[in-house]
Chemist: 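Take a look at this one; I'll ask things after.
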Amino acid sequence: MDKGFFHRRSTESEQDFHFRLGQFSGKLGIVINLALCSTKIAIGLLSSSISILADGVNNLSDIFSSVVTIFSFYISKKPADKEHPFGHARAEYLCASLVAIIIGMLGLKLMASSIVKVVNPELPRLSLALFFVLVFSIAVKIILSIFYEKMAKKIQSSVLKATALDARSDVLSTSVILVSFLVYALTGVSVDGILGMVVSFFILRSAFDIVRDTIDHLVGHAPSFEQIDKVRTFITSYEGIHGIHDLILHDYGVGHWFGSAHVEVDSQWSLLEAHALVDKIEADAISFLQLQLVLHTDPVIQNDPVQNEAFKKVSAVVECFNCSMHDFRVVHAHDTLNVIFDIEIPETCTLPNDEILACLRSAIREADSTYNAIITIDRNYTRFVPET
């Protein structure tokens, strides 16, 4: 197949690229698992091997996983509608959880059969055909799991990541049968029950990790530092933007990101100038980041000696508390100077907000007795501490 098939075409949107490779991966899984299932059941019937028959039946569940994969990409590609204005891309997370449930059922089934074999050991039936079928099945599943994993990374697909773990679980379960046969052939000791219990634990652990990951996305997981830094770098690359804070990003699936942020612009700019710049950034964010972005402008006084001096003193105090500061401004009030700003408190801080504010106000007053600090605590939704 042409190498270009696995690369995004110039006329192709991210959603279309995601759909095309996802559908191909699911269909490939159906064909391969159907071939493995038919071969194993045929060999199992001819050799009267229950283990091979069971492994062949297990491939039927893998076919169902591939069907779920195809269905997830079909649903996630549906455009937004009246009931779902943010699109349907999160359906992929639900389907990934369904695949995880299938993996979990495999793990529980393997655990139960392994316990039975420990209590009542069965002597495996050895045959050359059986040996080659198992080796071939393991090799195919390893290749398939690597393929799924690469595709999952390429198109950022949670359901393909789950399917890759499903294939890896099949490698482990089939390897148990093969190793137990080899051990029995060399030593005459049946160990498939013990090995099965060990493998089932890792399979159940994989299923749990997938469910936890997909639930995190559905509940509202914080974006990665790489995503945050990418958006921040993009916005601050525009001339006229002096800073960014209060960045919020919402994940509604691949190609469906929504966000908002406050950007600092020169207070001397007219409303029309600021609006034109923000409009351009928002439009470019859709084209280059596939991000629906809404920006709020905060005017910043650039050349006020009194404010600059106050900012220098106050920022030194705030840094001692490992906090970050933004929206800084000063207002003259009789014989005092109101220094007004917002702060973001690090997640590692366990002190109550009132205690932090009291300590900050006291420290600022010590730095300059004419300062009256008016402080607002902001919630940091991105785990990102912006520069001041």
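Nothing here was measured: the structure is a model prediction, and the numbers come from that model.
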Chemist: Can you see whether Ser97 engages Thr214 through a side-chain donor-acceptor pair at a distance of less than 3.5 angstrom?
Modeler: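 A donor-acceptor contact under 3.5 Å links the two side chains.
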Chemist: With distance as the sole criterion, is a donor-acceptor pair present between the side chains of Glu264 and His326 under 3.5 Å?
Modeler: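 No, His326 and Glu264 have no side-chain donor paired with an acceptor closer than 3.5 Å.
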Chemist: I'd like to check Val317 versus Leu360 (side-chain heavy atoms, cut-off strictly below 4.5 Å). Are they in contact?
Modeler: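 Answer yes - side chains close enough.
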Chemist: Side chain of Thr174, backbone of Val171: donor and acceptor closer than 3.5 Å?
Modeler: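 Here the side-chain-to-backbone pair does not exist.
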Chemist: Around Lys280, counting heavy atoms of other residues, nucleotides and ligands shown, do more than 12 lie under 6.0 Å from its NZ?
Modeler: no
Chemist: Using only atom types and a distance under 3.5 Å, with no angle test, would you say the side chain of Ser145 pairs donor to acceptor with the backbone of Ile142?
Modeler: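 Pair found, side chain donor or acceptor close to backbone of Ile142.
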Chemist: Do Thr163 and Thr69 have side-chain atoms, one donor and one acceptor, less than 3.5 Å apart?
Modeler: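 Yes, because at least one side-chain N or O of Thr163 sits under 3.5 Å from a partner of the opposite role on Thr69.
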Chemist: Among Lys161, Arg168, Lys154, which residue meets the salt bridge (Lys or Arg N to Asp or Glu O under 4.0 Å) test with Glu149?
Modeler: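 So, applying the salt bridge (Lys or Arg N to Asp or Glu O under 4.0 Å) to Glu149 and each of Lys161, Arg168, Lys154, only Arg168 qualifies.
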Chemist: To the nearest 0.5 Å, what is the distance between CG (Leu295) and CD1 (Ile244)?
Modeler: 7.5 Å
Chemist: Tell me whether the rings of Tyr238 and Phe234 are parallel (<30°), tilted (30 to 60°) or perpendicular (>60°).
Modeler: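 Perpendicular: the ring planes of Tyr238 and Phe234 meet at over 60°.
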Chemist: Kindly give the heavy-atom pair with the smallest separation between Leu293 and Ser260, and that separation in Å.
Modeler: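 Looking at all heavy atoms of both residues, the shortest contact is CD1-N, 3.9 Å.
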Chemist: Under a 3.5 Å threshold, yes or no: a donor from one side chain and an acceptor from the other, between Ser65 and Asp166?
Modeler: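 Indeed, the side chains of Ser65 and Asp166 share at least one donor-acceptor pair under 3.5 Å.
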Chemist: Check whether any side-chain heavy atom of Ile30 sits under 4.5 Å from a side-chain heavy atom of Val67, and report yes or no.
Modeler: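 Yes, side chains in contact.
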Chemist: Can you give me the closest heavy-atom contact between Ala100 and Ala207, atom names plus distance?
Modeler: O-CB, 3.4 Å
Chemist: Within the supplied structure, the quantity of interest is the number of heavy atoms (other residues, nucleotides, ligands) at a distance under 6.0 Å from Asn303 CG; does it exceed 12?
Modeler: no
Chemist: Flag yes if more than 12 heavy atoms outside Phe71 fall under 6.0 Å of its CZ atom; otherwise flag no.
Modeler: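 No, CZ of Phe71 has 12 or fewer neighbouring heavy atoms, counting only those of other groups under 6.0 Å.
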Chemist: I want to check something: taking the side chain as every heavy atom from C-beta on, are Leu160 and Phe73 in contact at a cut-off of under 4.5 Å?
Modeler: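 The answer is yes; the side chains approach within 4.5 Å.
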Chemist: Return the orientation label for the His296 and His262 ring planes: parallel under 30°, perpendicular over 60°, tilted otherwise.
Modeler: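 Geometry flag for His262 against His296: tilted rings.
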Chemist: Could you tell me whether His275 atom NE2 has more than 12 heavy atoms of other residues or ligands within 6.0 Å of it?
Modeler: no
Chemist: Do the non-hydrogen side-chain atoms of Ser157 and His18 ever get within less than 4.5 Å of each other?
Modeler: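 Of all side-chain heavy-atom pairs linking His18 with Ser157, at least one is under 4.5 Å.
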Chemist: Would you tell me whether Asp327 and His245 have side-chain atoms, one donor and one acceptor, within less than 3.5 Å of each other?
Modeler: yes
Chemist: About how many Å separate CD1 of Ile32 and NZ of Lys141, when rounded to the nearest 0.5 Å?
Modeler: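 Nearest 0.5 Å value for the NZ-CD1 distance: 8.0 Å.
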Chemist: Are the side chains of Val306 and His332 in touch, meaning some heavy atoms are under 4.5 Å apart?
Modeler: yes
Chemist: Quick one: are Tyr148 and Leu28 in side-chain contact, heavy atoms under 4.5 Å?
Modeler: no
Chemist: How long is the straight-line distance from CD1 of Ile228 back to OG1 of Thr233, given to the nearest 0.5 Å?
Modeler: 11.5 Å
Chemist: Between Ala162 and Ala96, what is the shortest heavy-atom contact and its length?
Modeler: CB-O, 3.9 Å
Chemist: Any donor and acceptor pair, going by atom type alone, linking the side chain of Asp266 with main-chain N or O of Trp269 inside 3.5 Å?
Modeler: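 Here the side-chain-to-backbone pair does not exist.
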Chemist: Working to the nearest 0.5 Å, report the span between OG of Ser137 and CG of Asp170.
Modeler: 7.5 Å
Chemist: Would Leu277 and Leu271 show up in the same hydrophobic cluster when neighbours are defined by side-chain heavy atoms closer than 4.5 Å?
Modeler: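 No, Leu277 and Leu271 fall in different hydrophobic clusters.
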Chemist: So, do Asn33 and Ser66 sit near enough that their side-chain heavy atoms are less than 4.5 Å apart?
Modeler: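 Asn33 reaches Ser66 side chain to side chain.
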Chemist: Would you check if Val31 and Lys27 make a side-chain contact, meaning some heavy-atom pair closer than 4.5 Å?
Modeler: no
